[in-house]
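Quick note: residue numbers are just sequence positions, from 1. Side chains are part of it too, since the values below use all heavy atoms of this structure and drop only hydrogens, waters and symmetry mates.
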Amino acid sequence: MEISLEDLRKNSSGSDYESGYRIVYLDENGYTVGEYCESIEGFMLGFCESYPIYDEDDIPPFLSTQDLLQRYLDDIPSILGVFLYDIDGNCIDKLYRKN
């Protein structure tokens, strides 16, 4: 799957991220570039069960990139696959929904 580098690098204010990672979702209409984080482990903040986060015990532990991607598949039933990219366009890992 070819992802636009501009989509991976741009933030919501239109400037470029210097380094980091993006989650990319695949659905029936193509791909959508999602969340950004400076570290892969940082994506786990999105899976906290309660907010505000009072201490690190509120954040689920990072186990692996496959575990991270499976969490996205479990949380978003409409997506067909989920990808982890660095902002330079390298696919770090991917996971497709099993039929």
- Task: Give a yes or no answer on whether the side chain of Asp7 reaches the backbone of Lys10 with a donor-acceptor pair at less than 3.5 Å.
- Result: no
- Task: Dump the intermediate steps for side chain to side chain donor-acceptor pair (under 3.5 Å) on Tyr25 and Glu35, then the final yes or no.
- Result: CA-CA 10 Å; Tyr25 306 102; Glu35 295 86 356; 2.5 Å; yes
- Query: So which of Leu5, Val24, Asp93, Ile92 actually passes side-chain contact (heavy atoms from CB on, under 4.5 Å) with Tyr85?
  - Reply: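 Only one option passes, and that is Val24.
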Nearest 0.5 Å please: distance from the [atom1] atom of [X] over to the [atom2] atom of [Y].
X: Arg22; Y: Ile87; atom1: CZ; atom2: CD1; result: 9.0 Å
X: Glu18; Y: Asp16; atom1: CD; atom2: CG; result: 9.0 Å
X: Gln70; Y: Asp75; atom1: CD; atom2: CG; result: 10.0 Å
X: Glu41; Y: Thr65; atom1: CD; atom2: OG1; result: 10.0 Å
X: Ile23; Y: Leu8; atom1: CD1; atom2: CG; result: 11.0 Å

- Message: Assigning hydrophobic clusters by single linkage (Ile, Leu, Val, Met, Phe, Trp, Tyr; side-chain heavy-atom cutoff under 4.5 Å), is Leu68 placed with Tyr36?
- Response: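 Cluster IDs for Leu68 and Tyr36 differ.
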- Query: Same cluster for Tyr17 and Ile3 if Ile/Leu/Val/Met/Phe/Trp/Tyr side chains link at under 4.5 Å?
  - Reply: no
Tell me, do [X] and [Y] make a side-chain contact under 4.5 Å, heavy atoms counted?
X: Arg9; Y: Asp88; value: yes
X: Leu26; Y: Tyr96; value: yes
X: Tyr31; Y: Phe83; value: no

- Query: Of all heavy-atom pairs between Leu80 and Asp27, which one has the smallest distance, and what is that distance?
  - Reply: CD1-C, 3.7 Å
- Message: If you compare all heavy atoms of Met44 against all heavy atoms of Asp67, which two are closest, and at what distance to 0.1 Å?
- Response: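 Result for this residue pair: CE-OD2, 4.4 Å.
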- Answer yes or no: does atom NZ of Lys94 have more than 12 heavy-atom neighbours from other residues, nucleotides or ligands under 6.0 Å?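 Counting neighbours around NZ of Lys94, 12 or fewer heavy atoms of other residues, nucleotides or ligands fall under 6.0 Å, so no.
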- May I ask you to check whether over 12 heavy atoms, not counting those of Gln66, lie within 6.0 Å of atom CD?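 Yes, the 6.0 Å shell around CD holds more than 12 heavy atoms from other groups.
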